[in-house]
Asker: 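Quick one: this structure, given as structure tokens, is what I'll be asking you about.
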Amino acid sequence: MDRYLVFGHPVRHSKSPFIHTLFARQTQQELEYGLAEPAVDEFAQALRTFFDQGGKGCNVTVPFKEQAFTLVDRLSPRAKRAGAVNTIKLTDDGVLLGDNTDGAGLVADLKSHGVTLADSRILLLGAGGAARGALAPLLAELPSELVIANRTHAKAQQLAAEFCDLGHVTAQTHEQLAGSFDLVINSTSASLQGELPPLAPALIHTDIAIYDMMYGASDTAFISWAKQHGARQTMDGLGMLVEQAAEAFTVWRGIRPGTKQVLRELKRNLGVI
């Protein structure tokens, strides 16, 4: 039976085995999917051993995505742009192909919620790996402007300069942010600590869409804050998790699984519904 893994540290909380088991059942694919939690300095050896022992593909999560980028034989265009790899496939000719499905998963989830990206004004909070992975897919949807705001302004400026060839992308400090945004995406991990980005409440209005890449059994701190200030459409990153997994499954198996029922099952598993 074909074997797949998710590598991370820590990774025991991962919902990827649950998701991919449902995808396999739905598409009648025979595979098994497990967890691997090597020490941070043992990832490269663990990855090699997995594929030497017949592994077909894997997902890679924190803190190994940037390291995986350097370990594969070939990179997809979107992995090159992201500077990180979250999906690896062993091709038929024995090549380890590194891909990044995070941004595609984000865009797919936004569209599933009816969010219009074309000609929209988007605010992206954060300038780390999650933001980098999201930028090219977001800019491919042709927003009128994409603004990056980050606590360290120089990082936001650097990221905007790297992606300016793909569209109208700028960097601003949190204090400079003004005007009306159609969509705010929080790519920071602040919600994991119950913290908030330093965003002015005046930026929130009733027609804005709020997206937090983090998720939990209840609203994240950022989503709760946005609701308190009038946002009517709020989304967490659970749908992105399922959509990026579906993209990875497609890379591996050549068949696209449906995500709606799997997302419902995942919410039930987490006690969200």
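Any value given below was found using the heavy atoms of this structure, including those in side chains, with hydrogens, waters and symmetry copies removed. Sequence positions, counted from 1, serve as the residue numbers for this chain.
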Asker: Going by the side-chain hydrogen bond (donor to acceptor under 3.5 Å, both in side chains) test, name the single residue among Asn100, Thr101, Asp109 that passes it with Gln244.
Answerer: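 Answer after filtering Asn100, Thr101, Asp109: Thr101.
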Asker: Begin with the C-alpha distance, continue with both residues' side-chain angles, and end with the deciding distance and a verdict on side chain to side chain donor-acceptor pair (under 3.5 Å) for Asp99 and Ser76.
Answerer: CA-CA 5 Å; Asp99 201 352; Ser76 71; 2.6 Å; yes
Asker: Does one hydrophobic cluster hold both Tyr33 and Leu241, with members joined at side-chain heavy-atom distances below 4.5 Å?
Answerer: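 Hydrophobic grouping puts Tyr33 with Leu241.
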Asker: Any idea how Trp252 and His20 line up, ring-wise: parallel (<30°), tilted (30 to 60°), or perpendicular (>60°)?
Answerer: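 Tilted.
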Asker: Could you go step by step and tell me if Gln53 and Thr49 meet the side chain to side chain donor-acceptor pair (under 3.5 Å) rule?
Answerer: CA-CA 6 Å; Gln53 294 177 350; Thr49 299; 5.6 Å; no
Asker: Taking the basic N atoms (NZ, or NE/NH1/NH2) and the acidic carboxylate oxygens, is any pair closer than 4.0 Å for Lys260 and Glu243?
Answerer: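 Salt bridge between Lys260 and Glu243, a charged N being under 4.0 Å from a carboxylate O: no.
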Asker: Let me check something: do Leu124 and Leu106 share a hydrophobic cluster, defined by ILVMFWY side-chain heavy atoms less than 4.5 Å apart, either directly or through other members?
Answerer: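 Leu124 clusters together with Leu106.
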Asker: What distance separates Ile122 CD1 from Leu138 CG, expressed to the nearest 0.5 Å?
Answerer: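 Those atoms lie 5.0 Å apart.
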Asker: Hey, are Glu162 and Arg81 close enough for a salt bridge, meaning a charged N less than 4.0 Å from a carboxylate O?
Answerer: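 Result for this pair is no, no salt bridge flagged.
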Asker: Can you hop from Tyr211 to Leu146 via hydrophobic side chains spaced under 4.5 Å?
Answerer: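 Tyr211 clusters together with Leu146.
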Asker: Enumerate the residue pairs fulfilling ring-ring contact (aromatic ring centres under 6.0 Å, His included) with a member in residues 63-121, sequence neighbours excluded, ordered by first and then second residue.
Answerer: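 As it turns out, the ring-ring contact (aromatic ring centres under 6.0 Å, His included) pairs with a partner in residues 63-121, which skip direct neighbours, are Phe43-Phe64.
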Asker: Going by the salt bridge (Lys or Arg N to Asp or Glu O under 4.0 Å) test, which pairs reach into residues 206-216, not counting sequence neighbours?
Answerer: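 As it turns out, the salt bridge (Lys or Arg N to Asp or Glu O under 4.0 Å) pairs with a partner in residues 206-216, which skip direct neighbours, are Asp207-Arg232.
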Asker: To the nearest 0.5 Å, how far apart are OG1 in Thr188 and CE in Met214?
Answerer: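 Result: 7.0 Å between the selected atoms.
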Asker: Measure the spacing between CG of Leu35 and OG of Ser16 and express it to the nearest 0.5 Å.
Answerer: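 Going from CG on Leu35 over to OG on Ser16, the span is 8.0 Å.
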Asker: Look at the side-chain heavy atoms of Ile, Leu, Val, Met, Phe, Trp and Tyr, link any pair under 4.5 Å apart, and say whether Leu97 and Val72 land in one connected group.
Answerer: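 No, separate clusters.
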Asker: Same cluster or not: Tyr4 versus Phe7, using hydrophobic residues (I, L, V, M, F, W, Y) connected whenever any side-chain heavy atoms lie under 4.5 Å apart?
Answerer: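 Tyr4 does not cluster with Phe7.
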Asker: Are Lys227 and Asp219 ion-paired here, with the side-chain N under 4.0 Å from a carboxylate O?
Answerer: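 Result for this pair is yes, salt bridge flagged.
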